[in-house]
Amino acid sequence: WWWHRWSGMIGSASILGIRKAQFMHARSANSGHAGSDAASVLAWVAVVVVLLIAPEVLAQPVRLTSLVGDETEAAWSPDGKRIAFQYEAGGDRDVRVLELETGTTKAVVTGPGQACYPCWTADSQELIYSFGRLTTTATVAVAQNSDEGYNLYRIPVAGGTPVQMTAGRCRDYTPALASDGRTLWFTSTRGFTKNSAALWRLPMSERIDGAVPERVFGEDAANVGAVQPDVSPDGRMVVFGRFEGIRGNWQLCLLNAADSSRYTSLTPESIAAYGPRWSPRGDLIACTGFRLGDPAWGVWLVDPLTGRAVRLETGPGSSRSPAWAPDGSALIFENNGTGTYDLYRIAMGTVHFPAPEEAVTTPAAPVLRMDFTGRTGNSIADSTNTGNVGTVEGDVPAEDGLGCFGAGHIRIPAPKGCAFADGPFYVTTRIRVDRHTDTLRLVVVGDYPEHRQGWQIFLNDKNLLYFLLPEPGVAVL
């Protein structure tokens with residue numbers, strides 16, 4: 001498994017490195033940093049995140065299973081009659097099915113090995129699942145060029161012989177079928193050499209003979225994961241859990257199914273969120289989540305249009321892995337309040353998301369504006385008359401009234417109106433990149449004794465512009 005912090009605007013601002021930059025600090029009643037333009041990434045997605053506890057309980061959960069082991073990773077059949085789940089007891093995982101009408105369960109996949117993450121075919125007649133039975137260590141398997149791994153299989157619910165769908169010394173897991181039944185999405189480590197996983201898909205029309213899975217999103221890099229994909233009912237979007245960096249946190253992301261270069265984060269790093277599932281109408285996403293202060297892992301509902309989220313009240317213990325009823329009337333999830341994980345159902349009512357706060361669109365009067373045409377010796381004038389005079393240290397050339405990237409920087413000690421804990425403010429910079437370099441170029445840094453390098457605007461080695469905060473993270477401008 002692959003498992004930055006917003007603070008008060010933090011007194012010295014340094015302007016370092018970049019070809020032709022003009023910048024301004026202005027007070028504001030809002031936090032005022034720009035994130036990625038979600039509209040250009042996913043036409044209909046606006047990422048505005050407000051995480052609040054659900055204002056009311058939708059219903060009381062009803063317990064559905066009480067077996068000796070753990071019942072987890074439930075999936076509701078498209079016809080609404082049965083629930084498939086992963087059953088673990090004695091170190092072995094099987095796949096079982098719960099008949100909702102009678103409350104009885106039956107084993108579908110049993111025996112030695114680990115059968116997990118079941119999902120249904122569109123006709124509710126078969127299950128697709130991940131299965132692995134490793135008979136040796138990873139080192140020996142590599143040395144012997146063994147194909148042992150976790151691969152995808154399918155089996156009729158009524159019984160029969162499993163049919164292998166993928167092969168290889170890798171981990172293929174969390175299968176999810178698109179609503180039209182034509183494409184199977186899943187997570188895989190195939191072809192990777194580092195601690196990473198990616199999103200793959202497989203055409204169901206060629207699911208047995210000669211089908212070649214296609215990697216859609218993800219890279220082979222240390223501590224990077226894109227896992228548990230789920231396709232929106234209209235087939236346009238894929239939601240998945242993403243982790244990047246050893247100090248990162250699980251976030252939900254949205255991906256354009258037709259163009260994997262178009263994706264965006266849906267939830268912030270302040271909440272760990274994974275295992276997303278679209279509602280049948282596509283208006284909600286259910287997931288597993290945890291935020292600092294929560295009593296345990298819980299079931300969260302996320303608005304895919306805004307990123308706002310509410311946490312459902314599901315009782316004591318950790319609640320995870322929600323799955324929707326095919327008509328959207330209920331959720332099923334796992335909870336360990338009894339000591340082991342059992343399956344529960346909760347009826348869904350109307351979900352109320354608190355209205356987001358209005359964004360401040362007009363900044364207050366500037367408190368610092370650098371005017372390079374007014375340079376006198378080693379001093380740069382502040383055209384706002386606030387008194388934030390900059391001192392040039394080293395080589396900082398200027399052209400056309402703009403500062404240029406050089407070996408030096410401009411320092412504004414103890415800036416007025418944007419000191420540490422003085423309240424939020426805007427930082428605006430105008431940048432012209434006239435040539436490519438492979439070096440990091442810092443534009444402006446808020447560096448205070450109370451909070452070293454509290455915020456930064458910079459160009460990376462690929463000429464991408466970033467605004468870095470300790471929290472919630474790095475935002476591409």
CG of Leu254 to CG of Leu266, rounded to nearest 0.5 Å, is 5.0 Å

On a heavy-atom basis, the closest approach of Phe333 and Pro322 is CB-CA, 4.1 Å

Separation between CZ (Arg345) and CG (Leu98), nearest 0.5 Å, reads 9.0 Å

> So, does Ser318 use its side chain to make a donor-acceptor pair with the main chain of Ala296 at under 3.5 Å?
Replying inline: no

Taken to the nearest 0.5 Å, the spacing of Ile271 CD1 from Cys287 SG works out to 6.0 Å

All heavy atoms of Cys170 vs all of Ser188, minimum pair found to be SG-OG, 4.2 Å

Exercise for the section: Return yes if some donor-acceptor pair links the side-chain N/O of Asp303 with the main-chain N/O of Phe353 below 3.5 Å, else return no. Expected result: no

Heavy-atom side-chain contact between Ile285 and Leu301 under 4.5 Å:
no

query = With distance as the sole test, does Thr65 use its side chain to make a donor-acceptor pair with the main-chain N or O of Leu67 at under 3.5 Å?
reply = no

Quick one, Thr183 with Leu177, criterion side chain to side chain contact (heavy atoms under 4.5 Å, CB included). Give me CA distance, side-chain angles, the key distance, then yes/no. CA-CA 6 Å; Thr183 307; Leu177 197 61; over 6 Å; no

Quiz prompt | Sub-6.0 Å ring centroid separation between Tyr150 and Phe131 | solution = no

What I want to check is whether the side chains of Ser77 and Asp79 have a donor and an acceptor closer together than 3.5 Å. yes

Distance col, row Thr189:OG1 vs Lys194:NZ, nearest 0.5 angstrom, shows 15.0 Å

The reported gap from OG in Ser270 to CG in Leu292 (rounded to nearest 0.5 angstrom) is 9.5 Å

Whether the side chain of Ser130 engages the backbone of Asp172 through a donor-acceptor N/O pair (distance < 3.5 Å, no angle test) should be reported. yes

Any donor and acceptor pair, going by atom type alone, linking the side chain of Asn336 with main-chain N or O of Gly339 inside 3.5 Å? no

Exam field: side chain Asp294 to backbone Arg291, donor-acceptor pair closer than 3.5 Å: yes

Does Asp230 use its side chain to pair, donor to acceptor, with the backbone of Arg277 at less than 3.5 Å? no

Compare all side-chain heavy atoms of Trp200 with those of Thr187 and state whether any distance is below 4.5 angstrom. no

Looking only at the aromatic ring of each residue, does the gap between the centers of Tyr129 and Trp120 stay below 6.0 angstrom?
no

Would you say the side chains of Asp342 and Ser66 form a donor-acceptor pair under 3.5 Å? no

Margin query: One pair to check against side chain to side chain contact (heavy atoms under 4.5 Å, CB included): Leu331 and Met348. What are the steps and the verdict?
Written below: CA-CA 7 Å; Leu331 281 170; Met348 295 297 297; 3.8 Å; yes

Exercise. Side-chain contact, heavy-atom cut-off 4.5 Å: Leu252 with Val302?
Worked result: yes

Item to complete: Ignoring hydrogens and angles, tell me if any N or O in the side chain of Ser179 forms a donor-acceptor pair with the backbone of Pro233 under 3.5 Å.
Response: yes

For residues Trp324 and Ser329, determine if any side-chain heavy atom of one lies less than 4.5 Å from a side-chain heavy atom of the other. no

* To do: Identify whether NZ of Lys or CZ of Arg in Arg320 sits under 6.0 Å from the centre of the six-membered ring of Tyr341 and within 45° of that ring's axis.
  => yes

_Side chains of Arg154 and Thr121, heavy atoms from C-beta outward: is any pair under 4.5 Å?_
yes

Show, in sequence, the C-alpha distance, side-chain angles and deciding distance for Arg369 and Asp382, and conclude whether the salt bridge (Lys or Arg N to Asp or Glu O under 4.0 Å) test is met.
CA-CA 5 Å; Arg369 186 191 298 273; Asp382 172 17; over 6 Å; no

When every non-hydrogen atom of Gly91 is compared with those of Gln114, the smallest separation belongs to O-NE2, 3.1 Å

Answer yes or no for Arg82 and Trp76: cation-pi contact, defined as NZ/CZ to six-membered ring centre under 6.0 Å and angle to ring axis within 45°. no

Mind checking whether Phe85 and Val95 have side chains closer than 4.5 Å, heavy atoms only? no

*asked:* Any donor-acceptor pair under 3.5 Å linking the side-chain atoms of Thr193 with those of Asp220?
replied: yes

Show, in sequence, the C-alpha distance, side-chain angles and deciding distance for Glu99 and Thr104, and conclude whether the side-chain hydrogen bond (donor to acceptor under 3.5 Å, both in side chains) test is met.
CA-CA 5 Å; Glu99 297 284 346; Thr104 59; over 6 Å; no

CD1 of Ile346 to CD of Glu313, rounded to nearest 0.5 Å, is 8.5 Å

message: Using modelled atom types and a 3.5 Å cut-off, is there a donor and acceptor pairing between side-chain atoms of Glu334 and backbone atoms of Glu73?
response: yes

Scanning both residues in full, the closest heavy-atom pair of Arg236 with Asp234 reads N-OD1, 3.0 Å

Report yes if some heavy atom in the side chain of Val227 is under 4.5 Å from a heavy atom in the side chain of Leu199; otherwise report no.
no

Looking only at heavy atoms, the pair that brings Gly80 and Leu100 closest together is O-CD1, 3.4 Å

inquiry  = Please determine whether side chain to side chain contact (heavy atoms under 4.5 Å, CB included) holds for the pair Arg311 and Phe290, giving the CA-CA distance in whole Å, both sets of side-chain angles, and the decisive distance to 0.1 Å.
reply    = CA-CA 9 Å; Arg311 185 179 188 272; Phe290 180 85; over 6 Å; no

Q) Just by distance, with hydrogens left out, do Asp70 and Thr72 show a side-chain donor and acceptor under 3.5 Å apart? A) no

CA sep, side-chain torsions, deciding dist, call: Phe217, Phe240, ring pair (Phe, Tyr, Trp, His ring centres under 6.0 Å): CA-CA 10 Å; Phe217 182 88; Phe240 61 97; 5.2 Å; yes

*Side-chain donor-acceptor pair present, Gln228, Thr174, cut-off under 3.5 Å*: no

Arg63 and Thr338 have their tightest heavy-atom pair at NH1-CG2, 3.7 Å

*Tyr87 ring centre to Arg96 NZ or CZ under 6.0 Å, with the angle to the axis within 45°?*
yes

Do Trp278 and Val231 have side chains that approach each other closer than 4.5 Å (heavy atoms only, starting at C-beta)? no

Using atom types as modelled and distance alone, determine if a side-chain donor or acceptor of Thr288 lies under 3.5 Å from a backbone N or O of Gly275.
-> no

Do Asp94 and Thr110 have side-chain atoms, one donor and one acceptor, less than 3.5 Å apart?
no

